[in-house]
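First the structure, in the form of structure tokens, and then the observations on it.
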2 protein chains.
Amino acid sequence: MRTGRAVLIDPYLPPSLLRRWERRCHLSDQDRNAFQALPFTRRCYGKDAYIVEEGQRATYCSLLLSGFAYRQKLVHDGGRQIMAIHIPGEFIDLENCSLAVADHNVQSLVGCEVAQVPVAALRDLAQAHPTIAAAMRLDMQINASISREWVVNVGRRDARTRIAHLLCELALRLEASGNATGGIYQFPLTQDQVADATGLTPVHTNRTLQSLRRDGLISLSSGALQVLNWERLRQAGDFNERYLHHAV
Amino acid sequence: MRTGRAVLIDPYLPPSLLRRWERRCHLSDQDRNAFQALPFTRRCYGKDAYIVEEGQRATYCSLLLSGFAYRQKLVHDGGRQIMAIHIPGEFIDLENCSLAVADHNVQSLVGCEVAQVPVAALRDLAQAHPTIAAAMRLDMQINASISREWVVNVGRRDARTRIAHLLCELALRLEASGNATGGIYQFPLTQDQVADATGLTPVHTNRTLQSLRRDGLISLSSGALQVLNWERLRQAGDFNERYLHHAV
DNA sequence: CGTATTGTTGAGCGTAGTCAAAGTTAGTGG
DNA sequence: CCACTAACTTTGACTACGCTCAACAATACG
């Protein structure tokens, strides 16, 4: 399953993450330069490759450069639950800075590139640059907030609401990350994966997506999502973006 | 609903949180002294009082001194989902250090006392004491890990497994926090609250608890939980404590 | 062009939800 | 200390949302 191979190409980290941080924190030139000077290894993963495996000890954190990734756990009977979806410009395992052992798996969707930054370098950076430390804390806390919202979503909402909510969240985040053109979002999940993210079965997910299409809320096919009526989708998904904390 | 009243009593924070941190981080005397010198206000809450309200801007973080508290969100149709349960010695809103606005509610169970520490003081402490900053990060990350496990629990497990899992988690954490004597845990949740934490209805929760009792896994009544067969409860709950990261 | 993956449909079933009432426990005040 | 009340737990009957299994259609891909 492991299909990563290490290739060192670019000497500098791309600025997508910095742009996101700067929307919330005022970074100095020193902060920016120190971040971009971070050592890293560029690595590519094929479809469904394991980027992080439960139980693993990691010595680096992976910043997603392109493609998508998701956090996942398997339960005893073989079921799979997706707990988070990551889009380019996000760290997919920042918790490696604090936790010794990974408590879940991270897999690539379709395929992706990541920049592996040594944990020690990231820790030193945070120590020397309090503003960057604050930005990293903020990222961690926003991820925690999203995770709490997912507990609510799979715990207390019916199938239609769950899926609409997931679509709302992804639409906003994809918009912000530049994976959208003219209201059409590059939607990376298969119906099986939507099912695993919402705690439903693929069959019921299929039927529910059809009902959302039939009602004119969305159009979704071959990896392209179009929100036809944002306000109605928002209502259908019981969606309140507060939990994203202006991350979008 | 708001029943808090401020009373300043003790000049020093109690050491329960420090003890937990010291199991994972090596704090110096300076670290310890600085933590215990933190300014704070002691505050008591009655049953079901709102300690944090969604949308609120907080200027302090609350450390739970006694009693229990839970994080909660309400959905459109009036349903409630509990996303976390906190026991004495834990911060219930450390995210206030990073996030401007609360994204969920925190309520007291039965009744509790908290120490309100000004966010600014906590931030200064973390800045001056890197080891304490690391301990705080670790706390945040463990909470995030628990939250991810809860997504799995409500998303991919059946009623019996969900409830057994919740009981396992609480038993371990209550044990570690000293709320246990001779295998009997002070269990603070009503069946309604267990239902809200597991995404089930109170009626089904009741029937499921009865089945766990009937099978001799637990005994639970009037706020006292006894685990009669840990190994079978662990199996019934598909429970693997890795996600707690030795917090217990 | 053939094969694997993903999406769609149908029929039947089962876990958990709903509603309503009764039983039990805990807490309060007379 | 007992009576009363509110909160919590338990039970039963019925319902329904979402699951299962199985087959088929449509895409993507090598």
Exercise. In whole angstroms, how far is the C1' atom of C/dG7 from the NE2 atom of A/His204?
Worked result: 16 Å
For this session: Would you please confirm or rule out a distance under 4.0 Å between OP1 or OP2 of C/dA26 and any side-chain N or O of B/Lys47?
Result: no
Exercise. Quick one: which of D/dT11, D/dC8, D/dT20 gets closest to the side chain of A/Val203?
Worked result: D/dT20
Exercise. Roughly how many Å is it from CG in A/Asp196 to C1' in D/dC19, rounded to a whole number?
Worked result: 14 Å
Exercise. Under 3.5 Å, is there an N or O donor on one side and an acceptor on the other linking the side chain of B/Arg207 and the base of D/dG12?
Worked result: yes
For this session: Could you check which of C/dG17, D/dC8, D/dT20 has an atom nearest any side-chain atom of A/Thr201?
Result: D/dT20
Exercise. Taking CD1 from A/Ile163 and C1' from D/dG18, how many angstroms apart are they, rounded to a whole number?
Worked result: 11 Å
Exercise. Base, sugar-phosphate alone, or nothing: which one does A/Gly223 contact when heavy atoms must sit under 4.0 Å apart?
Worked result: nothing
Problem set entry | 5′-ward residue of the pair B/Leu209/A/Arg157 relative to DNA chain D | B/Leu209
For this session: Give the rounded distance in Å between these two atoms: CG of A/Asp158 and P of C/dG17.
Result: 13 Å
Exercise. In whole angstrom, what separates A/Asp48's CG from C/dA4's C1'?
Worked result: 13 Å
Exercise. Side-chain N or O of A/Asn206 less than 4.0 angstrom from OP1 or OP2 on C/dG7?
Worked result: no
Problem set entry | Identified side chain to side chain contact (heavy atoms under 4.5 Å, CB included) counterpart of A/Leu233 within the set A/Leu228, A/Val227, A/Asp215 | A/Val227
Exercise. Would B/Asp238 and B/Arg156 pass as an ion pair if we require N to O under 4.0 Å?
Worked result: no
Exercise. How close or far is atom P of C/dG7 from atom CG of A/Leu225, stated in whole angstroms?
Worked result: 13 Å
Exercise. Given that A/Gln193 and A/Arg156 both sit by DNA chain C, which one's nearest nucleotide is further toward the 5' end?
Worked result: A/Gln193
For this session: Mark yes or no for whether B/Arg42, through its side chain, and B/Gln116, through its backbone, hold a donor-acceptor pair below 3.5 Å.
Result: no
For this session: To the nearest Å, give me how far apart CZ (A/Phe187) and P (C/dT6) are.
Result: 14 Å
Seminar exercise, completed: When every non-hydrogen atom of A/Asp103 is compared with those of B/Tyr243, the smallest separation belongs to CB-CA, 4.1 Å
Seminar exercise, completed: Atom CG of B/Asp192 and atom P of D/dT9 are separated, to the nearest Å, by 7 Å
For this session: Compare side-chain N and O positions of A/Gln210 against OP1 and OP2 of C/dT9 and report whether any pair is under 4.0 Å apart.
Result: yes
Exercise. Is the closest basic N to carboxylate O distance between A/Lys73 and B/Glu149 below 4.0 Å?
Worked result: yes
Exercise. Is the phosphate of D/dA7, meaning OP1 or OP2, less than 4.0 Å from a side-chain N or O of B/Gln191?
Worked result: no
For this session: Scan B/Arg213 against the nucleic acid and name what it touches under 4.0 Å (heavy atoms): base, sugar-phosphate only, or nothing.
Result: sugar-phosphate
